[in-house]
Amino acid sequence: MMKHTGKYHRPGGAYVSEFEEFMHGFLAQHPEVEEDRRRGWDIWWDHRVDLDELDKQRENELRVKPYVYE
């Protein structure tokens, strides 16, 4: 019987997939990928929203009927 080495388990017994293990190793060897990912996150998600401008856009948009064939 083969003894389990615990290679794909976290401390406490939580399972770690081969893909997750690969990604952790890859990101440890290539820190620039993480920097690029964070920069992309900041561009697309973590930006300030001007609520006054958003209200103006909502006021100016055309209302579309839910059923266009009436």
Side-chain angles (χ1 to χ4, degrees):
M1 180 176 204
M2 288 182 56
K3 185 175 180 180
H4 180 67
T5 62
K7 183 177 180 182
Y8 299 117
H9 286 79
R10 292 186 183 122
Y15 176 75
V16 177
S17 69
E18 291 181 33
F19 176 75
E20 188 175 359
E21 184 175 284
F22 165 77
M23 287 304 297
H24 285 294
F26 178 82
L27 292 173
Q29 293 175 357
H30 302 280
E32 69 278 1
V33 173
E34 182 64 22
E35 293 168 11
D36 190 42
R37 186 194 69 81
R38 287 184 189 267
R39 196 168 353 114
W41 183 269
D42 291 341
I43 291 170
W44 292 104
W45 298 105
D46 290 340
H47 58 276
R48 295 191 180 269
V49 176
D50 183 3
L51 296 178
D52 292 330
E53 184 63 31
L54 187 60
D55 286 340
K56 288 179 189 175
Q57 289 176 358
R58 287 183 179 157
E59 288 173 4
N60 292 330
E61 67 184 18
L62 294 173
R63 303 286 180 219
V64 177
K65 291 182 180 180
Y67 189 72
V68 296
Y69 297 108
E70 289 183 350

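Note that the numbering runs from 1 along the sequence shown for the chain. We use all heavy atoms of the structure for the numbers below, so side chains are in, but hydrogens, waters and symmetry mates are not.
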Same apolar cluster (I L V M F W Y, side chains within < 4.5 Å links), Val33/Trp44: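 In one cluster with Val33: Trp44, no.
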
task: Indicate, with yes or no, if Leu27 and Phe22 share a hydrophobic cluster defined by side-chain heavy-atom contacts under 4.5 Å among Ile, Leu, Val, Met, Phe, Trp and Tyr.
output: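 Linked, Phe22 and Leu27 end up in one cluster.
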
query: Could you state the interatomic distance from CD (Gln57) to CG (Asp50), rounded to the nearest 0.5 Å?
result: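 Result: 9.0 Å between the selected atoms.
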
task: Report the residues that fulfil ring-ring contact (aromatic ring centres under 6.0 Å, His included) with His30, sequence neighbours left out, ordered by chain and then residue number.
output: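 His30 satisfies ring-ring contact (aromatic ring centres under 6.0 Å, His included) with Phe26 once adjacent residues are dropped.
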
- prompt: Would Asp42 and Arg39 pass as an ion pair if we require N to O under 4.0 Å?
  reply: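 Salt bridge flag = no for Arg39 with Asp42.
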
field: salt bridge (Lys or Arg N to Asp or Glu O under 4.0 Å) partners of Glu53, counting only residues at least two apart
entry: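 Glu53 satisfies salt bridge (Lys or Arg N to Asp or Glu O under 4.0 Å) with no residue once adjacent residues are dropped.
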
- request: For Arg48, check salt bridge (Lys or Arg N to Asp or Glu O under 4.0 Å) against everything at least two apart and list the hits.
  value: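 Partners of Arg48 by the salt bridge (Lys or Arg N to Asp or Glu O under 4.0 Å) criterion come out as none, since no residue qualifies.
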
Minimum heavy-atom distance Arg63-Glu61, with the two atoms named: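 The pair with the smallest heavy-atom distance is NH1-OE2, 3.4 Å.
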
task: Write out all pairs satisfying salt bridge (charged side-chain N to carboxylate O under 4.0 Å, His left out) with one or both partners inside residues 24-34, taking only residues at least two apart or from two chains.
output: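 For residues 24-34: Glu34-Arg37, Glu34-Arg38.
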
Contacts of Arg58 that satisfy side-chain hydrogen bond (donor to acceptor under 3.5 Å, both in side chains) - sequence neighbours left out: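 side-chain hydrogen bond (donor to acceptor under 3.5 Å, both in side chains) check on Arg58 returns nothing, list empty.
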
message: Holding to side-chain hydrogen bond (donor to acceptor under 3.5 Å, both in side chains), I want the full list of residues that pass it with Trp41, two or more places apart in sequence or in another chain.
response: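 side-chain hydrogen bond (donor to acceptor under 3.5 Å, both in side chains) list for Trp41, sorted by chain: Asp46.
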
